[in-house]
**Student:** 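Have a look at this one before I ask anything.
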Number of protein chains: 2
Amino acid sequence: MAVVKLVLAYDGTGFRGWARQPGRRTVQGVLEEALGRVLRRVPPLSVAGRTDAGVHARGQVVSFPAADGDDPDRILRAVNGMLSPEVVVRAATTMPVGFDARRSASAREYRYRIDLGPVPDPFTARFVWHRPGRLALGPMRGAAGHLIGTHDFASFCRAPEAGGTVRELREVAVSRSGDRVEVASRADAFCHQMVRSLVGTLVAVGEGRIEPDAIPGILAARDRAAAGPVAPPHGLTLERVAYGRRR
Amino acid sequence: MAVVKLVLAYDGTGFRGWARQPGRRTVQGVLEEALGRVLRRVPPLSVAGRTDAGVHARGQVVSFPAADGDDPDRILRAVNGMLSPEVVVRAATTMPVGFDARRSASAREYRYRIDLGPVPDPFTARFVWHRPGRLALGPMRGAAGHLIGTHDFASFCRAPEAGGTVRELREVAVSRSGDRVEVASRADAFCHQMVRSLVGTLVAVGEGRIEPDAIPGILAARDRAAAGPVAPPHGLTLERVAYGRRR
């Protein structure tokens with residue numbers, strides 16, 4: 001049976017994260033409700049990244065088994081008519097049998113945005129962590145170099161996970177433009193709160209509170225308490241999910 | 001008596017515009033309330049641009065007479081503590097006697113943002129008019145050329161104004177980057193709804209519904225009905241107010 005693939009963007013501010021929860025407004029919840037009205041059934045959704053409360057997405061991917069008569073263009077228009085601009089279907093396509101938004105994904109790419117300026121910016125405040133003051137980028141990049149690679153990231157995971165906490169972190173790039181610092185990270189997959197924990201630790205390095213060379217020991221500890229604090233959710237956006245050989 | 005000058009940025013989405021109105025949430029209303037708590041008096045505010053409901057500002061300027069003990073740094077911190085990030089005091093300074101945010105201003109600069117992409121973008125939707133489809137920029141620039149200069153802009157003003165409707169429009173620049181079109185306009189001052197009326201008319205030109213060479217006749221008509229429609233408020237931002245010889 002063919003599969004419908006949706007690429008979603010959303011402003012996570014008003015949601016308690018991706019995953020459906022009784023009595024709470026979540027992205028999955030409002031999307032299932034909208035799909036239910038369009039398709040006259042609520043399909044089982046597979047999702048590439050289960051974003052936490054307050055986290056945003058520009059390139060989230062979901063999929064569900066297609067039924068006769070499912071028209072991707074119509075789904076896009078109808079769902080956007082109900083949910084946009086808070087949640088937007090950027091693309092809807094039919095994929096071959098076997099495609100699954102979560103299992104088929106080869107990489108996830110997140111970007112964390114920090115504003116170092118003296119006062120917040122009303123135009124970006126929903127999507128950027130305002131943290132006034134200096135950050136030393138050289139040490140942050142040194143620490144990032146220690147994080148890249150295949151490691152047990154238990155120290156950066158909220159809790160032990162069924163599939164373990166070994167991940168292949170392929171990129172952690174720290175860039176700066178004016179008062180804006182961005183941390184782009186890409187991995188095969190991330191455990192729960194891993195990006196925010198990596199960013200919080202890098203910020204602690206940029207503040208001089210953790211030495212870059214302490215990172216290997218933090219990884220080896222496999223202990224949540226060894227890492228820095230967890231950065232707030234609203235600075236984080238799931239930018240892209242890669243499929244196939246594209247990493 | 002010296003004068004306190006504040007430079008403000010705000011997200012206009014949640015406000016019924018700048019000007020205080022009984023029973024309505026306005027930028028002036030919340031700012032006066034915050035200043036009242038900080039200064040223990042509500043000072044009379046002069047403002048450079050009386051923005052409409054839904055219009056934003058990055059460089060709005062207000063001023064009020066200083067009293068003994070008014071400390072600009074303290075005002076900035078205290079007001080931001082109450083209103084940020086929806087309304088942010090970007091700078092607070094003491095100015096010489098005679099400075100007035102409205103009367104001393106030599107130019108106002110607005111920017112109108114349009115997104116031509118097929119679906120809205122949740123990250124910019126509050127500040128950008130999503131108007132999918134094509135716009136012909138060449139004719140829009142031709143029309144802009146006819147608008148620049150000192151004219152009676154009665155056809156682009158919501159209503160006759162006490163001081164008349166002659167303005168010096170110094171710049172109307174239409175630029176494009178990807179799906180984003182921006183119209184930057186600068187004048188000594190703008191009458192009520194003038195920027196949105198100019199942009200609505202330029203969009204009608206870009207759609208082929210008004211010829212660029214019809215602009216001189218629209219100006220000469222001095223009749224609101226001669227111009228194109230008024231563009232929606234949320235795409236508009238007051239970017240900067242200039243003082244002194246800087247235009």
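Letters A, B, ... mirror the listed sequences (proteins, then strands); counts begin at 1. Note that these values count all heavy atoms, side chains included, but never hydrogens, waters or copies made by symmetry.
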**Student:** Side chain from CB out, backbone as N, CA, C, O: work out which of these in B/Arg126 comes under 4.5 Å of a heavy atom of chain A, or both, or neither.
**Tutor:**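 For B/Arg126, the contact with chain A is made by the side chain alone.
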**Student:** Chain B heavy atoms under 4.5 Å from A/Tyr10: which part of the residue, side chain, backbone, both or neither?
**Tutor:**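 Backbone only.
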**Student:** Inspect the surroundings of CZ in A/Arg131 and state if more than 12 heavy atoms from other residues, nucleotides or ligands are less than 6.0 Å away.
**Tutor:**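 Atom CZ in A/Arg131 is crowded, with more than 12 foreign heavy atoms closer than 6.0 Å.
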**Student:** Count the heavy atoms of every other residue, nucleotide or ligand shown that sit under 6.0 Å from CZ of A/Arg20, and state whether that count exceeds 12.
**Tutor:**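 Result for CZ/A/Arg20: open.
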**Student:** I'd like to know whether CZ of B/Arg16 has more than 12 heavy-atom contacts from other residues, nucleotides or ligands below 6.0 angstrom.
**Tutor:**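 Atom CZ in B/Arg16 is not packed in, count stays at 12 or less.
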**Student:** Give, as side chain, backbone, both or neither, the part of A/Asn80 having an atom under 4.5 angstrom from any heavy atom of chain B.
**Tutor:**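 Contact with chain B: side chain only.
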**Student:** Check whether A/Thr124 gets within reach of chain B through its side chain, its backbone, both or neither, counting any heavy atom under 4.5 Å.
**Tutor:**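 It is neither, since no heavy atom gets under 4.5 Å.
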**Student:** Pick from B/Leu83, B/Val88, B/Thr13: which one makes a side chain to side chain contact (heavy atoms under 4.5 Å, CB included) with A/Pro122?
**Tutor:**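 Running side chain to side chain contact (heavy atoms under 4.5 Å, CB included) over B/Leu83, B/Val88, B/Thr13 with A/Pro122 returns exactly one hit, B/Val88.
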**Student:** Quick check: are there more than 12 heavy atoms from other residues, nucleotides or ligands sitting under 6.0 Å from CD of A/Glu33?
**Tutor:**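 Open: at most 12 neighbouring heavy atoms sit under 6.0 Å from CD of A/Glu33.
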**Student:** So, for B/Val119 and A/Arg90, which heavy atoms are closest and what is the spacing to 0.1 Å?
**Tutor:**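 Taking B/Val119 first and A/Arg90 second, the nearest heavy atoms are CG2-CA, 4.1 Å.
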**Student:** Would you mind telling me which of B/Arg77, B/Glu86, B/Arg58 has the largest number of heavy-atom pairs within less than 4.5 Å of chain A?
**Tutor:**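 Maximum pair count with chain A is reached by B/Arg58.
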**Student:** Where does A/Val87 contact chain B at under 4.5 Å (heavy atoms): side chain, backbone, both or neither?
**Tutor:**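 When you check distances to chain B, no heavy atom of A/Val87 falls under 4.5 Å.
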**Student:** Using non-hydrogen atoms and a 4.5 Å limit, figure out which bit of A/Ala91 sits close to chain B: side chain, backbone, both or neither.
**Tutor:**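 When you check distances to chain B, no heavy atom of A/Ala91 falls under 4.5 Å.
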**Student:** CZ of A/Arg41: more than 12 outside heavy atoms within 6.0 angstrom?
**Tutor:**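 Counting other residues, nucleotides and ligands, CZ of A/Arg41 exceeds 12 neighbours.
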**Student:** Mark yes when over 12 heavy atoms from residues, nucleotides or ligands other than A/Arg158 sit less than 6.0 Å from its CZ; otherwise mark no.
**Tutor:**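 Not buried by this count: 12 neighbours or fewer within 6.0 Å.
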**Student:** Would you say CZ of B/Arg74 has more than 12 non-hydrogen atoms from neighbouring residues, nucleotides or ligands within 6.0 angstrom?
**Tutor:**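 Counting neighbours around CZ of B/Arg74, 12 or fewer heavy atoms of other residues, nucleotides or ligands fall under 6.0 Å, so no.
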